[in-house]
> 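Input: one structure, supplied below.
Everything numeric in this text was worked out from a predicted model, so none of it was measured. Chain naming here is simple, since letters A, B, ... match the order of the sequence lines and numbering starts at 1 in each.
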There are 2 protein chains.
Amino acid sequence: MDSATRVATTLQALATPSRLLILARLREGPCAATELAAEVGMEQSACSHQLRLLRNLGLVVGRRQGRSVIYALYDGHVAELLDQAVYHIEHLRLGLSDGAEPGLPEETPPGTAR
Amino acid sequence: MDSATRVATTLQALATPSRLLILARLREGPCAATELAAEVGMEQSACSHQLRLLRNLGLVVGRRQGRSVIYALYDGHVAELLDQAVYHIEHLRLGLSDGAEPGLPEETPPGTAR
DNA sequence: ACGACACTTGAAGACTTCTTCATATGTACC
DNA sequence: GGTACATATGAAGAAGTCTTCAAGTGTCGT
């Protein structure tokens, strides 16, 4: 697997609102699975599936404690990656338009060559 | 569109090897569409589709110059976002395993709570 | 105006991805 | 052992994504 693919795969993990919410919550501190699901407002099963993905990518870790499994970010790099992503994206010309919004005369950010 | 969705959408743009290669190339400096396609080794049409996506997200800009369209990163935030992403991901425990690689006894990074 | 070049665009098909539902596994407590 | 709680997992369907192919638009040179 080459570098581009590796980076792309990992970034894909941050490319979903649900996963982003999970990571953001974990950034505040460890949390048990069920509680996590509740806090980010998703079904337990769905949350578990996403956690598995994040776990496989090495972004989060989970250790069993009694009946629960406590999840946490893997390390500081994950937290920083999150921070940086949010920071730069929020500071990026906030002119999204992905799906050609109808209504805008199509001329938002910079060279919207069209 | 809430913050999580916005960030996720933008990160998705970096979640593909082809787009990552395009951005990495543009990070080195502006480049015309056809040349770009050639340098990252993809079909001209495919490249154009991806450029459109990146353009719509405001990550790159393209201005016409004669017959060609010169593409470039939108601004410093894009370059930094790229750098940071690559940096943190490469420094992350390099134990990917996403698709449950057969062969590994399943116990790579941290709490691979199998 | 015509032909060549540079790029964009739309449609269609092969693939992934995300979510839901149902079921399984693990742990605690009686 | 049996029951309840906490998670994980598999299968299936809906939805989204990427690439290719076949035009379409814009620009230059003659």
> Just how far, in rounded Å, is P of D:dA6 from CD of A:E35?
11 Å

> Side-chain contact test, heavy atoms from C-beta onward, threshold under 4.5 Å: evaluate it for B:Q12 versus B:L57 and give yes or no.
no

> Mind checking whether B:E39 and B:L21 have side chains closer than 4.5 Å, heavy atoms only?
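Not in contact.
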
> More 5' along DNA chain C: A:R64 or A:A46, using each one's nearest nucleotide?
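With A:R64 and A:A46 compared, the 5'-side residue is A:A46.
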
> From C-beta outward on A:R67, which listed nucleotide comes closest to its side chain: D:dT9, C:dT9, D:dC5?
D:dC5

> Heavy atoms only, 4.0 Å cut-off, all strands: where does A:Q44 land among base, sugar-phosphate and nothing?
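Base contact.
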
> Answer yes or no: does a side-chain N or O of B:Y71 lie under 4.0 Å from OP1 or OP2 of C:dA6?
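No, because none of the side-chain N or O atoms of B:Y71 sits under 4.0 Å from OP1 or OP2 of C:dA6.
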
> Which whole-number value in Å describes the distance from B:L57 CG to D:dT17 C1'?
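The answer, rounded to whole Å, is 13 Å.
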
> D:dT19, D:dT9, C:dT20: which one has an atom nearest the side-chain heavy atoms of A:R55?
D:dT9

> Go through the N and O atoms of the side chain of A:S68 and the base of D:dC5, and report whether any donor-acceptor pair is under 3.5 Å.
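For A:S68, whose side chain was compared with the base of D:dC5, there is no donor-acceptor pair (under 3.5 Å).
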
> Tell me whether A:L20 is reachable from A:L53 by hopping between hydrophobic residues (I, L, V, M, F, W, Y) whose side-chain heavy atoms are closer than 4.5 Å.
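Yes; tracing contacts between hydrophobic side chains, which count when under 4.5 Å, links both residues.
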
> Does any part of the side chain of A:L59, heavy atoms only, come nearer than 4.5 Å to the side chain of A:L14, both counted from C-beta?
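Yes; the side chains approach each other to less than 4.5 Å.
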
> Please evaluate the base of C:dT9 for a donor-acceptor partner in the side chain of B:S45 within a cut-off of under 3.5 Å?
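When only heavy-atom distances are counted, B:S45 does reach the base of C:dT9 through a donor-acceptor pair under 3.5 Å.
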
> If I take atom CG in residue A:L14 and atom P in nucleotide C:dC18, what distance separates them, rounded to the nearest angstrom?
12 Å

> Once you apply a heavy-atom cut-off of 4.0 Å, does B:A33 come out as touching a base, just sugar-phosphate, or nothing?
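Sugar-phosphate, no base atom in range.
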
> Hey, are the side chains of B:V78 and B:V60 touching, using non-hydrogen atoms and a 4.5 Å cut-off?
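Answer no - side chains too far apart.
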
> Give the nucleotide from the list C:dT8, D:dT17, D:dC18 with an atom nearest to the side chain of B:Q12.
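Looking only at side-chain atoms, B:Q12 lies closest to D:dT17.
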
> For the side chain of A:E43, counting heavy atoms from C-beta on, which of D:dT9, C:dT20, C:dT8 is nearest?
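Closest of the options to the side chain of A:E43: C:dT20.
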
> Rounding to a whole Å, what distance do you find between A:Q50:CD and D:dA8:P?
13 Å

> Mind calculating the distance between CG (B:L53) and P (C:dT8) to the nearest angstrom?
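One finds 13 Å between P of C:dT8 and CG of B:L53, rounded.
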
> A:L51 CG to D:dA6 P: how many Å, rounded?
16 Å

> Once you round it to whole Å, what is the distance between C1' of D:dA6 and CD1 of A:I70?
11 Å

> Is the phosphate of D:dG10, meaning OP1 or OP2, less than 4.0 Å from a side-chain N or O of A:R52?
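Checking A:R52 against D:dG10: at least one side-chain N or O falls below 4.0 Å of OP1 or OP2.
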
> Check the distance between D:dA6's P and A:M42's CE and give it to me in whole angstrom.
18 Å

> Between B:Y74 and B:R55, is any side-chain donor less than 3.5 angstrom from a side-chain acceptor?
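Side chains of B:Y74 and B:R55: no pair found under 3.5 Å.
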
> Does C:dC18 have OP1 or OP2 under 4.0 Å away from a side-chain N or O of A:T16?
yes

> Please answer whether D:dT19 and B:H49 are stacked, defined here as ring centres separated by less than 5.5 Å and planes angled under 30°.
no

